[in-house]
Number of protein chains: 2
Amino acid sequence: MIDAAGLRVMRAIADEGSFTGAAVSLGYSQPAVSQMVRRLEQRSGTVLVERIGRNVRLTEAGQVLARYAVSVLASLDAAEEEVAAIAGLRSGRVRLMAFPSSSATLVPRALSLVKKRFPDITVTFSEGEPPESLAALHSGDCDLAVAFAYEGGDIGRGEDLDLFVSTKLLDDEVRLAVPRDHPLAAAGDADLADFAQESWIAGCPRCRGHLLSLSRQAGFVPKVSFETEDYIAVLGLVSEGLGVALVPDLILAAAHNPDVATLSLKPASRRAIHAVTTEDLQRVPAVKATLEALCESARAHTARHTPVSV
Amino acid sequence: MIDAAGLRVMRAIADEGSFTGAAVSLGYSQPAVSQMVRRLEQRSGTVLVERIGRNVRLTEAGQVLARYAVSVLASLDAAEEEVAAIAGLRSGRVRLMAFPSSSATLVPRALSLVKKRFPDITVTFSEGEPPESLAALHSGDCDLAVAFAYEGGDIGRGEDLDLFVSTKLLDDEVRLAVPRDHPLAAAGDADLADFAQESWIAGCPRCRGHLLSLSRQAGFVPKVSFETEDYIAVLGLVSEGLGVALVPDLILAAAHNPDVATLSLKPASRRAIHAVTTEDLQRVPAVKATLEALCESARAHTARHTPVSV
DNA sequence: CACCTGGATAACACGAGGTTATAGAGTGGG
DNA sequence: CCCACTCTATAACCTCGTGTTATCCAGGTG
């Protein structure tokens with residue numbers, strides 16, 4: 001029944017002391033103010049301004065409206081400003097969820113970029129493997145997820161296609177990590193079948209699945225002697241000669257171990273790293289900015305590690 | 001840019017958790033909510049709700065609006081209620097100004113009536129003669145004035161006609177007050193000329209003017225030996241045989257002095273008592289109620305004192 | 001796999017709220 | 001004392017915000 005426009009008019013009249021003055025201060029024409037007052041009066045069923053001679057004065061009811069107008073309009077402006085701040089990247093929050101090993105370089109560099117460009121955006125970060133991160137995205141506990149998929153596999157379940165929007169960040173080459181003194185460490189490439197008799201160290205469940213898949217293609221079943229999700233530990237185990245392991249390039253870039261040699265797989269294998277969000281969240285400025293920062297961070301990685309290929 | 005309707009919708013969505021629910025709670029159709037959100041989004045340049053699957057959730061910006069909506073809408077409702085209270089006579093203030101002798105009966109009874117009917121209306125009262133009271137009305141310091149005019153004279157200056165609205169309350173008969181033992185005290189009527197040699201006691205400036213006017217018509221110039229605005233004093237002076245005086249019926253009804261006799265003037269003279277206000281103020285419920293109470297109070301007086309005449 | 005529920009979209013209607021043009025009234029100066 | 005200036009009111013009109021209904025489309029579910 002009573003709206004912001006009406007209050008604005010009442011306040012302008014209170015401030016200016018005349019309809020004409022109010023109209024000028026609002027950027028309206030004088031009749032606009034005149035009939036706005038009339039509308040308000042017939043809606044509220046009370047006289048709001050007292051026309052005496054050629055100047056106007058607010059009645060008691062009019063003063064009530066003018067008084068409320070101050071606080072209401074201030075709140076309205078504040079709300080508008082807060083929203084504008086979010087739209088203008090001067091405020092905002094992004095809840096990022098990424099799989100553990102992405103925290104090594106990709107994510108930190110992206111967060112740093114965001115921080116540098118938009119100091120008032122707060123990005124909260126938590127670790128999570130694709131199944132959980134997508135669930136969080138779905139349930140609204142997360143705005144942006146960094147996930148990976150080995151070739152041929154999906155990121156999550158089938159819901160990827162239409163529920164989410166994913167942008168590929170980079171292709172992460174999977175390499176074979178062997179002890180530096182391994183007989184085949186000098187060869188540039190490695191045929192997985194040559195390592196059928198080795199002890200294997202497996203990473204996360206999905207990485208282990210990938211290892212099994214690749215070795216099946218190579219015609220053997222790997223002896224998995226260790227399992228750990230911590231790639232630093234994997235490299236440590238490898239360096240001590242306790243086994244060999246498939247390690248993504250992204251990890252090797254962040255954690256180099258001098259006692260470990262890495263070989264390219266002969267049938268190359270890579271995992272695709274995606275940033276996943278929803279159609280709507282993608283258009284939230286802070287999310288968009290973070291996404292772009294992730295892309296740049298990924299580009300920086302790609303440029304450094306595969307400067308010629310692709 | 002952002003208005004109450006928009007906030008109302010955002011809050012409803014926050015409360016209900018769905019567009020359809022919000023629409024129901026607002027009495028709208030579902031598409032109305034849907035496009036209101038879209039409008040808000042393109043105005044603010046930000047996504048406000050996240051459509052995930054078939055349920056919606058507010059984004060950070062949306063939550064900001066919903067949060068502000070609570071306080072803004074509460075203020076708006078409060079403002080509306082205050083105005084409604086003024087319109088519904090559950091609140092309000094009337095600044096009444098009346099000439100001194102009207103305070104005797106007319107005004108107190110009216111105030112009592114208002115108080116009884118609308119206990120929450122506060123009527124402030126101050127004394128003032130027509131020149132001042134009309135000025136106060138003009139300057140906005142007064143809402144309702146009770147003024148009087150002797151026959152032939154105007155209430156104020158010429159401004160009465162179109163600036164103010166005046167409603168006649170009653171005709172106040174002017175009588176001649178003489179000491180009870182005056183030779184002519186027994187006569188029902190009095191010819192002013194018979195009192196040409198008396199000492200006269202004059203009241204307020206305008207009353208004195210009226211006395212002069214009447215006596216000129218009767219062919220004499222009165223000897224004015226006392227002047228006082230206090231009619232109690234006038235009656236006291238008369239009762240002590242110090243002079244005669246013209247006293248309005250309204251005063252005599254309130255302050256009867258057993259030692260004073262009152263005579264009707266043969267060419268009857270009366271003063272008209274009006275309630276004066278402005279066109280706009282007349283429509284303010286509290287003012288209207290007070291005005292009506294004054295009319296009733298005047299009717300009560302008329303009925304008691306001139307039950308047959310007029 | 002089909003149904004049901006909830007959101008999006010299209011087409012449309014109406015009224016709020018703005019505009020310009022003009023008339024009327026109060027005030028102040030020549 | 002009147003005239004001119006200014007401020008408000010009114011009329012006629014236009015546009016667009018904001019509602020409607022009808023219909024479609026997608027997601028979750030038995």
Side-chain angles (χ1 to χ4, degrees), chain A residues 1-10 12-13 16-44 47-58 62 135 137-139 157-164 278-280, chain B residues 1-10 12-13 16-43 47-58 62 134-135 137-140 157-165 278-280:
Chain A
M1 174 174 170
I2 187 171
D3 62 338
L7 289 185
R8 221 178 300 273
V9 168
M10 290 306 294
I13 294 173
E16 302 290 330
S18 78
F19 283 17
T20 303
V24 170
S25 89
L26 291 171
Y28 288 169
S29 65
Q30 170 265 315
V33 173
S34 197
Q35 34 192 14
M36 174 61 103
V37 170
R38 191 174 37 170
R39 270 194 299 271
L40 287 175
E41 286 185 334
Q42 60 197 29
R43 274 185 219 164
S44 62
V47 186
L48 297 177
V49 307
E50 185 185 350
R51 289 87 163 167
I52 186 144
R54 82 172 167 196
N55 39 356
V56 296
R57 192 176 14 254
L58 296 188
L137 207 48
H138 187 94
S139 73
R157 297 171 292 271
E159 45 192 355
D160 177 15
L161 289 163
D162 37 8
L163 253 184
F164 299 131
T278 67
E279 181 85 28
D280 300 311
Chain B
M1 174 173 169
I2 187 170
D3 63 338
L7 289 185
R8 220 179 299 275
V9 168
M10 290 306 293
I13 294 173
E16 302 291 329
S18 77
F19 284 17
T20 302
V24 170
S25 89
L26 291 170
Y28 288 169
S29 64
Q30 171 264 315
V33 173
S34 196
Q35 38 193 9
M36 173 62 101
V37 169
R38 190 173 39 169
R39 271 193 301 271
L40 287 175
E41 286 185 335
Q42 61 196 28
R43 275 186 220 162
V47 186
L48 297 178
V49 307
E50 184 187 349
R51 289 86 163 167
I52 186 146
R54 82 174 170 193
N55 40 356
V56 296
R57 190 176 16 252
L58 296 189
L134 293 190
L137 208 48
H138 186 95
S139 73
R157 300 172 289 272
E159 44 190 355
D160 177 13
L161 289 162
D162 38 6
L163 252 186
F164 299 130
V165 175
T278 67
E279 181 85 30
D280 299 312

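Both backbone and side-chain heavy atoms feed into the values below; hydrogens, waters and symmetry mates do not. Convention: sequence-line order gives letters A, B, ...; per-chain numbering from 1. All figures in this text were calculated on a predicted structure; none of them were measured in a lab.
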Exercise. If you look only at pairs with a residue in residues 21-40 of chain A, which of them pass as a side chain to side chain donor-acceptor pair (under 3.5 Å), with sequence neighbours excluded?
Worked result: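 Sorted pair list comes back empty.
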For this session: Check DNA chain D against residues 25-32 of chain B and give the residues with a non-hydrogen atom under 4.0 Å, in numerical order.
Result: B/G27, B/Y28, B/S29, B/P31, B/A32
For this session: Mind listing the residues from residues 33-42 of chain A sitting with a heavy atom below 4.0 Å of DNA chain D? Number order is fine.
Result: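 Heavy-atom cutoff 4.0 Å gives A/S34, A/R38.
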Separation of atom [atom1] in [X] from atom [atom2] in [N], rounded to whole Å:
X	N	atom1	atom2	value
A/I13	D/dC7	CD1	C1'	13 Å
B/N55	C/dA8	CG	C1'	16 Å
A/D280	C/dG7	CG	P	13 Å
B/F19	C/dT5	CZ	C1'	15 Å
A/E279	D/dA26	CD	C1'	14 Å
B/E50	D/dG27	CD	P	15 Å
B/R43	D/dC16	CZ	P	14 Å

Identify the two heavy atoms, one from [X] and one from [Y], that lie closest to each other, and give their separation to 0.1 Å.
X	Y	value
A/A4	B/D3	CB-CA, 4.4 Å
A/G62	A/L58	O-CD1, 3.7 Å
B/S18	B/V56	CA-CG2, 3.8 Å

Under the salt bridge (Lys or Arg N to Asp or Glu O under 4.0 Å) test, which residues partner [X], sequence neighbours left out?
X	result
B/R51	B/E41
A/E16	none
B/R43	none
B/R57	B/E50

Problem set entry | Non-hydrogen side-chain atoms of A/D280 and B/V47 separated by less than 4.5 Å |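 A/D280 reaches B/V47 side chain to side chain.
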Exercise. Do the side chains of B/L137 and B/L134 get nearer than 4.5 Å, heavy atoms only?
Worked result: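 B/L134 vs B/L137: side chains touch.
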Exercise. Near DNA chain C, under 4.0 Å by heavy atom, which residues of residues 2-9 of chain A?
Worked result: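 Hits under 4.0 Å, by residue number: A/D3.
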For this session: Not counting sequence neighbours, which residues clear side chain to side chain contact (heavy atoms under 4.5 Å, CB included) with B/E279? List them please.
Result: B/V165
For this session: Would you indicate, yes or no, if C/dG7 has its OP1 or OP2 atom less than 4.0 angstrom from a side-chain nitrogen or oxygen of B/T20?
Result: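 For C/dG7, OP1 or OP2 has a side-chain N or O of B/T20 closer than 4.0 Å.
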Exercise. Does A/H138 make a side-chain N or O approach to OP1 or OP2 of D/dG27 shorter than 4.0 Å?
Worked result: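 No, because none of the side-chain N or O atoms of A/H138 sits under 4.0 Å from OP1 or OP2 of D/dG27.
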